[in-house]
Colleague: 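Below is a structure I'd like to ask you about.
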Amino acid sequence: RRSPLLAMASSAAAARPNKRRRVAEKQRAEEAAAAKAEEANKMLAVDGQALVQFVDPDGNRAGPELDVPLGSSKEQLTTLLNQLLENDEEMPYSFHLEDTEIVSSLASSFGKLAGGKKSTERVLEITYYPLAVFRVRPVTRCTSSLSGHTEAILCVAFSPDCTRLASGSGDSTVRIWDLGTELPKHTMQGHQGWVLTVAWSPDGSRLVSAGMDKIIMCWDGKTGKIQTALKGHTQAVTCACWQPLHVVPEGGFPQLATASKDNAVRLWDTVSGTCLRTLSSHSAPVMQVRWSGERPESGGAVLSAGRDCVIKVWNPQDGTMITELKGHGHWINTLALNTDYVLRAGPYSHEDQKFQSLEEKREAAKKRYAEALTLCGGERLLSGSDDFTLFLWKPLEKKTPVCRMTGHQKVVNQVAFSPDGRWFASASFDKSVRLWDGRTGKYVHAFRGHVGDVYQLSWSADSRLLVSASKDSTVKLWNIASRKLQEDLPGHADEVYAVDWSLNGARVATGSKDRILKIWRH
């Protein structure tokens, strides 16, 4: 009898390909590649012309109707459009023919059109969307696992200038971490309960934290010293949001809006530590608050939503309610504006900048906001709810929603617009992350891969990547262009509650129930 070891060895040898098989496989691969190249050349040799009209996402025409070859590649269309728009330097764009994105050439997308529309007689409308000029590299590895918190980490936030990271935890402390060294900088004690939310002021000078103990703490962002404790709410504080920098009256500092389970939204002056207004007509706990950058003459507009299923829009100057938006049939968990990203960033962008004064920062923020608003085609609000649906609104224009989006099979926990407003994503307890069109609300794709509830999302600064954090203890990175999973990032030992991507795209931070804060980089 042969010994089992010998048997194993001989079977292993059989499994290893011999030279003849290796050569044959190589030849087959080369043949396949040649066939593919031939196919590509055939694509280029598509004869026939087509009449095309470039239009921007709002339907405005760019240049005249053009007669172009059907074999035109995406690169050729880009060059053509740059010439039509008379751009000084070549800008990147993505193109859509009807509903399909033009990935390789015009002909391949033309082939996907519905039967009646496949005619070279009619003018094909090609919609172009500007893309970010810079690229964010995908995060692939964990560079630091920072311990220090003694309970689950519930919220993380990068400072707008990307030099510091704040985290709030169930151990009732707030910590600031230095990103230059990826080491702890300050531990701020003062809360008596879980810290549910941390928020940096848009100029990066202050940090507020709030949570179960009903008190809002305002800290100096540089030294970690406490500046004021804001008291007034009678229940847990669920959400905090700063006034956008560009709508602050001259010489002033941004105000703060906080939402609480006491059914009220309060507006605070953080410099003097006083409550300026209490906005109270919600009939149930308020879970979300956002501060819109529209209507600068009245200091923006405050949007609040929660468990009474209505979204209310307020005038922060006199505390009156502008309008209310009804439609959801259950608790509202999440709100997002398509300008959230630029409002949070204030004057800062993905480049390193230094500002002398708050006035200078305000001017820069105003300019960036105007650019972002034209890019995303006017402000839109998105709400996600326990009724499994999402609604897209134009809150200051009309009371009826632009669109109602169904498809999730469970509670929608968070929604987030991409920085350029082109897409938005929703995270749900049905384990999927869904991608939708940011202007129309049309369903685009479902990213599947998580095996537990998806808690939070964060977009990269160039809108090409999306990161999601889940109950299954993993963080996943999704590629928007290919609609595929780009990176799977395991490493946490328990549910991942919080995720944030820095504005310069260099780092992703995740906070978990395992009490560890992880920083991920390329």
Colleague: With sequence neighbours excluded, give me every salt bridge (Lys or Arg N to Asp or Glu O under 4.0 Å) pair touching residues 212-241.
Modeller: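 Sorted pair list comes back empty.
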Colleague: Test your reading of the model: is there a side-chain donor-acceptor pair from Ser463 to the backbone of Ser418, 3.5 Å cut-off?
Modeller: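 Not at all, since once roles are kept as given, no pair shorter than 3.5 Å links the two residues.
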Colleague: Would you say NZ of Lys366 has more than 12 non-hydrogen atoms from neighbouring residues, nucleotides or ligands within 6.0 angstrom?
Modeller: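 Atom NZ in Lys366 is not packed in, count stays at 12 or less.
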Colleague: For Gln192, does the CD atom have more than 12 heavy-atom neighbours from other residues, nucleotides or ligands under 6.0 Å away?
Modeller: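 At most 12 heavy atoms, drawn from other residues, nucleotides or ligands, come within 6.0 Å of this atom.
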Colleague: Grab the two heavy atoms, one from Asp514 and one from Ala493, that are nearest each other, plus how far apart they are.
Modeller: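 Between these two residues, the closest heavy atoms are OD2-N, 2.8 Å.
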Colleague: For the OG1 atom of Thr197 and the CD atom of Gln288, what is their distance to the nearest 0.5 Å?
Modeller: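 Atom-to-atom, Thr197:OG1 and Gln288:CD are 9.0 Å apart.
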Colleague: May I ask you to check whether His186 and Thr223 show a side-chain donor-acceptor distance below 3.5 Å?
Modeller: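 No pair is found: no donor N or O on one side chain lies under 3.5 Å from an acceptor on the other.
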Colleague: Just by distance, no angles: are the side chains of His408 and Thr389 close enough, under 3.5 Å, to form a donor-acceptor pair?
Modeller: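 The answer is no; no qualifying pair exists.
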Colleague: Would you call the rings of His96 and Tyr129 parallel, tilted or perpendicular, where under 30° means parallel and over 60° means perpendicular?
Modeller: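 Rings of His96 and Tyr129: perpendicular, over 60°.
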Colleague: Mind listing the closest non-hydrogen atom pair of Val139 and Leu489 along with its distance?
Modeller: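 The answer is CG2-CD1, 3.9 Å.
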Colleague: Applying ring pair (Phe, Tyr, Trp, His ring centres under 6.0 Å), run through Tyr369 and His246 and close with a yes or a no.
Modeller: CA-CA 8 Å; Tyr369 179 74; His246 67 272; 4.1 Å; yes
Colleague: Would you indicate whether Lys398, at its atom NZ, is surrounded by more than 12 heavy atoms from other residues, nucleotides or ligands within a distance under 6.0 Å?
Modeller: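 Yes, NZ of Lys398 has more than 12 neighbouring heavy atoms, counting only those of other groups under 6.0 Å.
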Colleague: Going by distance alone, is a donor N or O of one side chain under 3.5 Å from an acceptor N or O of the other, for Ser280 and Thr278?
Modeller: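 No.
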Colleague: How close do Arg175 and Gly148 get, counting heavy atoms only, and between which atoms?
Modeller: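 What the structure gives for the nearest pair is NH2-O, 3.0 Å.
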Colleague: What's the verdict on side chain to side chain donor-acceptor pair (under 3.5 Å) for Thr510 and Trp520, showing C-alpha distance, side-chain angles and the deciding distance?
Modeller: CA-CA 8 Å; Thr510 54; Trp520 310 84; 2.9 Å; yes
Colleague: I'd like to know if the side chain of Glu182 pairs up with that of Thr143 as donor and acceptor (distance under 3.5 Å, no hydrogens or angles considered).
Modeller: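 Distance-only check passes for Glu182 and Thr143.
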Colleague: Tell me whether the NZ or CZ atom of Arg422 lies within the 45° cone about the ring axis of Phe417 and under 6.0 Å from its centre.
Modeller: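 No cation-pi geometry.
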Colleague: For the backbone of Lys185 and the side chain of Asp178, can you confirm whether one donor and one acceptor N or O come within less than 3.5 Å of each other?
Modeller: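 No.
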Colleague: Is it the case that the side chains of Trp219 and Ser209 hold a donor-acceptor pair, with the cut-off being a distance below 3.5 Å and no angle test?
Modeller: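 Judged by distance alone, the side chains do pair up.
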Colleague: Just do the side chain to side chain donor-acceptor pair (under 3.5 Å) check on His282 and Asn263 with the steps written out, would you?
Modeller: CA-CA 5 Å; His282 278 289; Asn263 308 0; over 6 Å; no
Colleague: Are Ser172 and Trp194 linked by a side-chain donor-acceptor pair shorter than 3.5 Å?
Modeller: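 Not at all, the side chains of Ser172 and Trp194 share no donor-acceptor pair under 3.5 Å.
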Colleague: Kindly confirm or rule out a cation-pi arrangement of Arg483 over Trp423, judged by NZ or CZ under 6.0 Å from the six-membered ring centre and within 45° of its axis?
Modeller: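 Satisfied, under 6.0 Å and within 45°.
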Colleague: Minimum heavy-atom separation for Val433 and Trp478, please, with both atom names.
Modeller: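 In this case the closest contact between Val433 and Trp478 is CG2-NE1, 4.4 Å.
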Colleague: Can you tell me how far apart CG (Leu335) and OG (Ser383) are? Round to the nearest 0.5 Å.
Modeller: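 Between Leu335 CG and Ser383 OG, I get 6.5 Å after rounding to 0.5 Å.
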Colleague: How long is the straight-line distance from CZ of Arg448 back to NZ of Lys476, given to the nearest 0.5 Å?
Modeller: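 Those atoms lie 14.0 Å apart.
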Colleague: Taking it one step at a time, do Ser167 and Trp177 satisfy side chain to side chain donor-acceptor pair (under 3.5 Å)?
Modeller: CA-CA 8 Å; Ser167 61; Trp177 312 83; 2.9 Å; yes
Colleague: Look at the side chain of Arg380 and the backbone N and O of Gly378, then say whether any donor-acceptor pair between them is shorter than 3.5 Å.
Modeller: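 Yes, Arg380 side chain to Gly378 backbone: donor-acceptor pair under 3.5 Å.
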Colleague: Parallel, tilted or perpendicular, judged at 30° and 60°: which one describes the rings of Phe391 and Trp393?
Modeller: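 It falls in the parallel class, under 30°.
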Colleague: Distance check, rounded to the nearest 0.5 Å: Cys155 atom SG versus Leu196 atom CG?
Modeller: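 So the SG of Cys155 and the CG of Leu196 are separated by 7.0 Å.
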Colleague: Shortest non-hydrogen contact from Ser292 to Leu337?
Modeller: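 It is CA-CD1, 3.9 Å.
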Colleague: Which atom pair, heavy atoms only, marks the closest approach of Met287 to Cys239?
Modeller: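 Scanning both residues, the minimum pair turns out to be O-CB, 3.5 Å.
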Colleague: Will you find, in the side chains of Ser432 and His450, an N or O donor that is under 3.5 Å from an N or O acceptor?
Modeller: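 No pair is found: no donor N or O on one side chain lies under 3.5 Å from an acceptor on the other.
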Colleague: Would you please say whether a donor-acceptor pair under 3.5 Å links the side chains of Gln486 and Asn479?
Modeller: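 Side-chain D/A pair, Gln486 to Asn479: present.
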Colleague: Lys261 vs Thr238, test: side chain to side chain donor-acceptor pair (under 3.5 Å). Steps then yes/no.
Modeller: CA-CA 7 Å; Lys261 289 196 175 179; Thr238 51; over 6 Å; no
Colleague: Is there a side-chain contact between Thr173 and Val195 in this structure, where contact means two heavy atoms from C-beta onward sitting under 4.5 Å apart?
Modeller: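 No, too far: nothing below the 4.5 Å cut-off.
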Colleague: For the backbone of Ala416 and the side chain of Trp459, can you confirm whether one donor and one acceptor N or O come within less than 3.5 Å of each other?
Modeller: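 Yes.
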Colleague: If you measure only the distance, is there a donor-acceptor pair under 3.5 Å linking the side chains of Ser385 and Trp331?
Modeller: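 Short answer, no.
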Colleague: Would you call the rings of Phe429 and Tyr455 parallel, tilted or perpendicular, taking 30° and 60° as the class edges?
Modeller: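 Correct class here is perpendicular.
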Colleague: Check whether Arg434 reaches the backbone of Ser428 with its side chain - one donor and one acceptor, N or O, closer than 3.5 Å.
Modeller: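 No, the answer is negative, given that no donor and acceptor are paired below the 3.5 Å cut-off.
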Colleague: Is it the case that the side chains of Asp453 and Asn413 hold a donor-acceptor pair, with the cut-off being a distance below 3.5 Å and no angle test?
Modeller: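 The answer is no; no qualifying pair exists.
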Colleague: Any chance NZ of Lys431 has more than 12 other-residue heavy atoms, nucleotides or ligands included, within less than 6.0 Å?
Modeller: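 Open: at most 12 neighbouring heavy atoms sit under 6.0 Å from NZ of Lys431.
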